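A quick write-up on the structure given underneath.
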Amino acid sequence: GQGQQNLESFLSGLDTMRAEFVQTLVEADGSIIEESQGEMLIKRPGRFRLEYLKPYRQTYVADGERFWMYDHDLEQVSVREQGDTLGDTPAMLLSGTRPLDEGFEIKELGNHEGFTWLELRPKGGDATFESIRLALEPELLRAMEMVDGLGQITRLYFNTVERNPGIKPAAFDFQPPEGVDVVGEGY
Amino acid sequence: CAALAPEPPVADPEQAWAIHRDRLETIDNWGLNGRLAIQSDGEAWHATLNWRQEDSRYAMRITAPLGQGSLRLEGSPRFVQLQTSKGERAVSDDPEQLLYQQLGWPVPVASLRYWVLGLPAPGAAQRELDSQGRLARLQQDGWSIRFMDYRQQDGAEVPTRVFASRGDAEVRLVIGNWTLPSPAGAG
């Protein structure tokens, strides 16, 4: 279908990606809980960095081996092996190289709001969300919406997207800052 | 919000504390949006927190980052219900025991309701005041709590960072915005 074609043309040959995003957390009744902004960097396979810049600072990095989560105000870093927890986070979805239809049932939702929409439902039972909706333009992914089991939606809207920009490998390393608690496997 | 300029110490912190405490104790309906971090035996989580308190009834919504699920905790002094986006439901008469049993989180919900405002919970406690006569540190129920970054709002001064620890457990809150009753309505 049209959605899947757009997605495939977006993902094929995608080595790196940089995008500025606005994230909106929406309650099942449609009320907005929180809005935040940041930048996402992706290097396939398996590396990404999400920097939340406003209204607070948070950093998420998958460095190829481990997944780091750092909230600057809470002064806490948690770290996990990348393999077991990450299969289905949105950024991992983009940076992973497994064919999507292996892990997801894919459904065409047709055109509205000027995009072609796809819905992905995880095949495995233990996914942390119920479905992901993708808003696609001919060669571009414009938005991702994760819907969880309580109907809460985390929407990532990419207002700028750069395909295959040059990104220094160091952008996907993470060094816990001084004086911050680091908690997790192997630490 | 502009950080409070360092104010000169008050002449009598104990008297200033009595005034702060009386004002805070009139606040029986409030709401906050912020973030919660938890550490407990080698694991760590952080999440977005939305908390509504009406007298002794409360509704909390805790949302994991990156669309990885959420949970709702709703209760009153003798009854509490937990719903998670994975479809789990559980009820209890004690929120702390429920969160610990279901998620392994050591969160003293009944006390946090007071600590988050910059008040000791009912019962014995040792406290330390800051130069403005506000709560700086507290020892209560085996927890030691630090209160930081007070903010002036609706005729009250409330903390925006509250870090509590007991043994190797840590529960930290950063409050993005408060919803407090206006002083006139605080009767």
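Since the model is a prediction, treat every value here as computed from it, not as a measurement. Chain letters run A, B, ... following the sequence lines, proteins first and then strands; every chain starts at 1.
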Under 4.5 Å from a heavy atom of chain A, the part of B/Arg61 involved: side chain

Residue pair A/Asp148 / B/Ser70: nearest heavy atoms and the distance that separates them: OD2-OG, 2.6 Å

Distance in Å, A/Asp73 CG paired with B/Ile175 CD1, rounded so as to fall on 0.5 Å steps: 11.0 Å

Linked, directly or transitively: A/Phe21 and A/Tyr157 (ILVMFWY side chains, under 4.5 Å): no

Heavy-atom proximity to chain B below 4.5 Å, by part of A/Leu156: neither

Proximity breakdown for B/Thr84 and chain A, heavy-atom pairs closer than 4.5 Å: backbone

B/Trp143 reachable from B/Phe147 in the ILVMFWY side-chain graph, under 4.5 Å edges: yes

B/Leu66 side chain near A/Phe129 side chain, heavy-atom distance below 4.5 Å: no

Per-residue contact mode, A/Glu27 against chain B (heavy atom under 4.5 angstrom): side chain

Choice from B/Asn50, B/Leu71, B/Thr48 maximising heavy atom contacts with chain A below 4.5 Å: B/Thr48

Single-linkage hydrophobic cluster, 4.5 Å side-chain cutoff, B/Trp51 and B/Val162 together: yes

Heavy atoms from other residues, nucleotides or ligands near CD of B/Gln97 exceed 12 (cutoff 6.0 Å): yes

Short side-chain donor-acceptor distance under 3.5 Å, A/Gln152 and B/Ser85: no

Residue part contacting chain B, namely of A/Glu145, when any heavy atom lies under 4.5 Å: neither

Residue-level interface, residues 35-47 of chain B with chain A, non-hydrogen cut-off under 4.5 Å: B/Arg35, B/Leu36, B/Ala37, B/Ile38, B/Gln39, B/Gly42, B/Glu43, B/Ala44, B/Trp45, B/His46

Partner chain B: residue of A/Ile153, A/Leu50, A/Leu74 with the largest heavy-atom pair count (under 4.5 Å): A/Leu74

Note, B/Arg172 side chain near A/Asp181 side chain (heavy atom, < 4.5 Å): yes

Over 12 non-hydrogen atoms of neighbours within 6.0 angstrom of CZ in A/Arg57: yes

Heavy atoms from other residues, nucleotides or ligands near OH of B/Tyr100 exceed 12 (cutoff 6.0 Å): no

Gap between atom CD of B/Gln68 and atom OG1 of A/Thr154 - 0.5 Å precision: 9.5 Å

Co-membership, hydrophobic cluster, residues A/Ile33 and B/Trp30, 4.5 Å side-chain: no

Joint hydrophobic cluster, A/Leu150 plus B/Trp105, side-chain heavy atoms closer than 4.5 Å: no

